[in-house]
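This report refers to the structure that appears directly beneath it.
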Protein chains: 2
Amino acid sequence: MTKRTDRRADALSRERIVEAAIAILDAGGEGALTFRALAARLATGSGAIYWHVADKDALLAAATDHVVTQAMSGVGGGEADPRAAIRVIALGMFDAIDAHPWVGAQFSRAPWQPAMLRVFEAIGGRVRALGVPEGAWFNAWSALVTYIFGAAGQNAANARLQAPGTDRSAALADIAGGWARLDPADYPFLRQVAPQLAAHDDRDQFLAGIDLILAGIGTVR
Amino acid sequence: MTKRTDRRADALSRERIVEAAIAILDAGGEGALTFRALAARLATGSGAIYWHVADKDALLAAATDHVVTQAMSGVGGGEADPRAAIRVIALGMFDAIDAHPWVGAQFSRAPWQPAMLRVFEAIGGRVRALGVPEGAWFNAWSALVTYIFGAAGQNAANARLQAPGTDRSAALADIAGGWARLDPADYPFLRQVAPQLAAHDDRDQFLAGIDLILAGIGTVR
DNA sequence: ACCTGAACACCGTTCAAGT
DNA sequence: ACCTGAACACCGTTCAAGT
């Protein structure tokens, strides 16, 4: 009957472990998250972590869930216009993955997590409000969700590829320079588009894709 | 001056290593590819592989390049209608990743590979032929390419999640069942589309997304 | 030039032993 | 109930030594 409620303020908990994992992931990427590093940061033994999380996959899933939940809480849902609401939700995911690039690789690993379901539902609800026939809902929803997580993931991968501290626009200029030097007979399109690659804004381009899909959905009668 | 051209038929080569790696990846997934397993299959020492490839990243990149190159060689480019050609190229990528699910995770890791450039150009060339204003080319191209690789990657991830030998439609039915049991107040959309999730064909759904984007591009004047 | 395989510096995970 | 940290069975990569 003496249930101890006065635990040490710094007692280990799933929540504290997940937060420490996110800090390590944000600072050093996926490669930096080891149970030894995590145990050191939490001033405990590496085995202690296993009392609270099943394994590394579960830890990454919990960290992803945490980030997505936080991102979704920021996008309210107050927008009356379903198109505007879809843009807000999509940008919320984009920005969250941009801030935590390691999240991008996790979606594919655990796509049916609770937090993901909330994103799925949020998009689906707006698709329903878009005024397209019911038979088109599923494909319209699927295209949007696929694009949002695919694009955000790829963008995060690009960010991950860069050496930390490198200038993003310089790296992009490098790639664009490579495209500009391709054989004009074999790569006319990439040569032509190279300057736009160098100058483009990832966020604007992401949103332009959303708008194209929304425009496509608008043609379904 | 005695250049040996009569090497053993089974001499190690980058090509043989990459092929063995693909075989291992196809059979056992990304986790199965170790230098020890690869060396055993090639009947050599693990260190020998490093004479031909720089490291594991380079090996995965080479394997991915091989698969994409093969897939692209199968999609000719004979279609006159640019929309039809885009569908053929997209489906070619989809099927290649479906057959080699591990490829899906690699795109994000090395997006500027030679084989990828050929896919990029192939899509870009058709976008140009679509008859939209030049100012819209870059965003139209980007949306298509993002969707193609994002969707194919996510689909491959779903395949990877399944226990090997498991029935895909049974797994999908499981997830759909979970959606059908969600709280109707919180998840009306997911509940409603659950039956479609259980019945849908990944390939058809992928193509429906391509068609939505193409329809959206068609609205740009 | 190319191959061998032991050695090194790591991992994730387990588990007897502690409190 | 929860924590400790050594131990186990792996990794990728290196490198002296061979042919």
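Here is the naming used below: chain letters follow the sequence lines, and residue numbers restart at 1 for every chain.
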* **Shortest non-hydrogen separation from A:Ala62 to A:Gln113 and the atoms involved** => N-NE2, 4.2 Å

Please report the distance, rounded to the nearest Å, between [atom1] in [X] and [atom2] in [N].
X: A:Ile49; N: D:dG5; atom1: CD1; atom2: P; value: 13 Å
X: A:Leu60; N: C:dG12; atom1: CG; atom2: C1'; value: 12 Å
X: B:His52; N: C:dA1; atom1: NE2; atom2: P; value: 13 Å
X: A:Tyr50; N: C:dT14; atom1: OH; atom2: P; value: 7 Å
X: A:Leu33; N: C:dC10; atom1: CG; atom2: P; value: 17 Å
X: A:Asp57; N: C:dG12; atom1: CG; atom2: P; value: 11 Å
X: B:Ile17; N: C:dC2; atom1: CD1; atom2: C1'; value: 11 Å
X: A:Leu12; N: D:dG5; atom1: CG; atom2: P; value: 13 Å

* Asked: For the rings on B:Phe107 and B:Phe149, is their centre-to-centre separation under 6.0 Å?
  -> yes

* To do: Between B:Lys56 and B:Ala48, just flag the one whose closest nucleotide in DNA chain D comes earlier from the 5' side.
  => B:Lys56

* Under 4.0 angstrom between B:Trp51 side-chain N/O and C:dC3 OP1 or OP2 -> no

* B:Phe94 and B:Phe206: ring-ring contact (aromatic ring centres under 6.0 Å, His included), yes or no, with the steps? -> CA-CA 8 Å; B:Phe94 184 89; B:Phe206 170 73; 4.7 Å; yes

* Asked: Which part of the nucleic acid, if any, lies within contact of A:Leu38, taking any heavy atom under 4.0 Å across all strands shown: a base, the sugar-phosphate backbone alone, or nothing?
  -> nothing

* Are A:Arg203 and A:Asp95 within salt-bridge range, i.e. N to O under 4.0 Å? -> yes

* To do: Could you walk me through whether A:Phe120 and B:Phe189 pass the ring-ring contact (aromatic ring centres under 6.0 Å, His included) test, one step at a time?
  => CA-CA 9 Å; A:Phe120 290 173; B:Phe189 181 81; 9.9 Å; no

* Structure fact -> Checking N1-N3 plus N6-O4 or O6-N4 for Watson-Crick, or N1-O2 and O6-N3 for wobble, each under 3.5 Å, the partner of C:dA17 is none

* Provide the Watson-Crick or G-U wobble partner of C:dC11, both distances under 3.5 Å; none if there is no partner. => none

* To do: For B:Ser13 and for B:Arg36, locate the closest nucleotide of DNA chain C by heavy-atom distance; then report the residue assigned to the nucleotide nearer the 5' terminus.
  => B:Ser13

* Which listed nucleotide (D:dT13, D:dC3, C:dT13) is nearest to the side chain of A:Phe35? -> C:dT13

